[in-house]
Number of protein chains: 2
Amino acid sequence: MTDAPYHHGRLRVTLLAEAEQTLRERGIDALSLRDLARQAGVSHAAPRRHFEDRKALLDALANVGFTRLDREIRAAINSAGDDFPARLQAASTAFVRFAARDAALVDLMFAAKNAGQSPGLSEASERLFATVGDLIAQGQQAGALPPRSPERLRLLLVAVLQGIAVLVASGRAAPAQADALIADAVSLFARGPAAEAR
Amino acid sequence: MTDAPYHHGRLRVTLLAEAEQTLRERGIDALSLRDLARQAGVSHAAPRRHFEDRKALLDALANVGFTRLDREIRAAINSAGDDFPARLQAASTAFVRFAARDAALVDLMFAAKNAGQSPGLSEASERLFATVGDLIAQGQQAGALPPRSPERLRLLLVAVLQGIAVLVASGRAAPAQADALIADAVSLFARGPAAEAR
DNA sequence: ACCTGAACACCGTTCAAGT
DNA sequence: ACCTGAACACCGTTCAAGT
């Protein structure tokens, strides 16, 4: 919050931080480059230097989202001990918590239009996927998962986690239900439904 | 395509059909009320009679999406015979096919901002959820699913299906991978991973 | 290298008026 | 009941010009 004019790299960081907050509090429709510039006390054409267009800002936001989600999931896994189901549950809970807090950001991160798009974005999402892959590998080493096709297991786990997260983010599953959902997903994944009721 | 002026209910249907096509071919950013009006040969203020604002049009689109997805999944289930895994796979495949064809529409349908919103929208999505619930009930009656907590199983299945669909829609899973994903999900769900490799 | 200010085309929304 | 046309405020994007 210095009074000095925005120079160096300050504006980019400032715009991104403002955008994150606006996205969280008022949704993606309220996100305009001109408004962000106004908030930053800068002319409406200034953001252009740091984000080529609106889409570039959105990509950068999704990027930040993937990086932060990856960090939070890693932290959750690392503080969950050695037990595989416990680690899986910790990762799932971190994902759901993230989705509940930043629902609009999750929309952005998994939007279809970001298919094979910007390399920076796919790089960030691939780091998250790699973290899930590591978790799968650990589960297989611990004998908690079948030893075949880690790639397919990884995709399936990502699908389950993302599916639960979106259900929570869109309000179709209440936070209370989310815990039960996670528990079911974990037991399904780590031991199969056979362990649950057969 | 009559030459008569747009009256009666024709304009609403026309606008919706145009919007569906634009959404599919050019994405949600290309969807503007003014442009739709232009395509329909009508003044830019005319759509207002049928859609109060842009959000109302988007809600209607999501509504159409849920209704159509439900219909396609029902059809797939009904033509898949009596075997539960076969029905589950047919439903999953129909979902993925829908997502691959209408990726942007799927984004819209499961967007976070449609939380507890318009009653019409939640009604349409609940019909889809009910179809999944029926499938779960069939699976339990056939003894292919554990007899407890059908509600939780339903939510979990919706999460898995939606997760796979979004992975496909966003290009993070190739159509070829989607089949393997579905097969894994089906075997995980219908028999547990224990049946796969243990 | 970074930002400003004017300009352009486009948009959503509103409203008095037409048929 | 449904549509038109003008109007308003806002937006993304471009570009010559400033520091």
Side-chain angles (χ1 to χ4, degrees), chain A residues 1-23 25-63 104 108 111 113-114 117-118 121, chain B residues 1-23 25-63 104 108 111 113-114 117-118 121:
Chain A
M1 276 276 195
T2 65
D3 291 272
Y6 282 103
H7 266 72
H8 328 297
R10 295 274 292 133
L11 183 53
R12 186 178 209 278
V13 176
T14 302
L15 290 172
L16 262 183
E18 285 172 2
E20 268 198 276
Q21 190 182 352
T22 301
L23 185 63
E25 294 175 357
R26 304 199 292 139
I28 193 167
D29 289 340
L31 210 57
S32 100
L33 287 173
R34 282 178 110 107
D35 197 39
L36 293 174
R38 228 171 285 134
Q39 287 181 59
V42 109
S43 100
H44 67 261
R48 191 82 212 294
R49 290 287 130 187
H50 302 100
F51 303 101
E52 208 166 353
D53 53 20
R54 189 174 191 268
K55 200 194 155 305
L57 172 72
L58 265 32
D59 282 355
L61 275 176
N63 212 312
L108 212 53
K113 55 177 150 187
N114 297 340
Q117 303 279 24
S118 61
L121 179 53
Chain B
M1 276 277 196
T2 65
D3 289 271
Y6 282 102
H7 267 70
H8 328 298
R10 295 273 294 130
L11 183 52
R12 185 177 210 278
V13 176
T14 303
L15 290 173
L16 262 183
E18 286 172 0
E20 268 198 275
Q21 190 181 351
T22 301
L23 185 62
E25 294 176 357
R26 304 198 292 139
I28 193 169
D29 289 340
L31 210 57
S32 101
L33 287 172
R34 283 180 109 108
D35 196 38
L36 293 174
R38 227 171 286 137
Q39 286 181 61
V42 108
S43 98
H44 66 261
R48 190 82 210 296
R49 289 288 130 186
H50 303 98
F51 303 101
E52 207 166 355
D53 52 20
R54 189 175 192 268
K55 198 195 157 305
L57 172 72
L58 264 33
D59 282 354
L61 275 175
N63 212 313
L108 213 52
K113 54 177 150 187
N114 297 340
Q117 303 279 22
S118 61
L121 179 53

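Keep in mind the model is a prediction, meaning the values are calculated, not measured. Chain letters run A, B, ... following the sequence lines, proteins first, then strands; residues in each count from 1.
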Counting Watson-Crick and G-U wobble pairs whose two distances are both under 3.5 Å, find the runs of 3 or more in a row that involve DNA chain D. C:4-8 with D:12-16, C:12-16 with D:4-8
Can you check the [X] [atom1] to [N] [atom2] distance for me, whole Å?
| X | N | atom1 | atom2 | answer |
| --- | --- | --- | --- | --- |
| Asp53(B) | dC11(C) | CG | P | 17 Å |
| Arg49(A) | dT14(D) | CZ | P | 12 Å |
| Arg12(B) | dC2(D) | CZ | P | 12 Å |
| Phe51(B) | dT14(C) | CZ | C1' | 19 Å |
| Leu36(B) | dG12(C) | CG | C1' | 13 Å |
| Gln39(A) | dC11(D) | CD | P | 11 Å |
| Leu11(B) | dA1(D) | CG | C1' | 13 Å |
| Lys55(A) | dT13(D) | NZ | P | 11 Å |

Quick check on dC3(C): is either OP1 or OP2 less than 4.0 Å from any side-chain nitrogen or oxygen of Arg48(A)?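 For dC3(C), neither OP1 nor OP2 has a side-chain N or O of Arg48(A) closer than 4.0 Å.
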Measuring to OP1 and OP2 of dG12(C), would you say a side-chain N or O of Arg54(B) lies under 4.0 angstrom away? yes
Polar pairs (N or O, both sides) under 3.5 Å between protein and nucleotides 5-10 of chain C?
{"unit_1": "dA6(C)", "atom_1": "N6", "unit_2": "His44(A)", "atom_2": "NE2", "d": "2.8"}

Approximate separation, where rounding is to 0.5 Å, of [X] [atom1] and [Y] [atom2]:
| X | Y | atom1 | atom2 | value |
| --- | --- | --- | --- | --- |
| Ser32(A) | Gln39(A) | OG | CD | 8.5 Å |
| Thr22(A) | Glu20(A) | OG1 | CD | 10.0 Å |
| Arg54(B) | Leu36(B) | CZ | CG | 9.0 Å |

Exactly one of Leu31(B), Leu23(B), Asp59(B) should register a side chain to side chain contact (heavy atoms under 4.5 Å, CB included) with Leu108(B). Which one does?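 Passing option: Leu23(B).
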Are side-chain heavy atoms of Leu58(A) and Phe51(A) found at a separation under 4.5 Å?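 Heavy-atom side-chain distance check fails, nothing below 4.5 Å.
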Can you confirm whether Glu18(A) sits close enough to Leu15(A) that some side-chain heavy atom of one is under 4.5 Å from a side-chain heavy atom of the other? yes
Check every atom of dC3(C), dC3(D), dT13(D) against the side chain of His50(A) and return the nucleotide holding the closest atom.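 Looking only at side-chain atoms, His50(A) lies closest to dC3(C).
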Do Arg38(A) side-chain atoms and Leu33(A) backbone N/O form a donor-acceptor pair below 3.5 Å?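 Looks like no, no N/O pair under 3.5 Å.
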Which atom names give the shortest non-hydrogen contact between Ala37(B) and Pro47(B), and what distance separates them?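 Heavy-atom minimum between the residues: CB-CG, 3.8 Å.
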Any ion pair linking Asp35(A) and Arg26(A) (charged N to carboxylate O, less than 4.0 Å)? yes
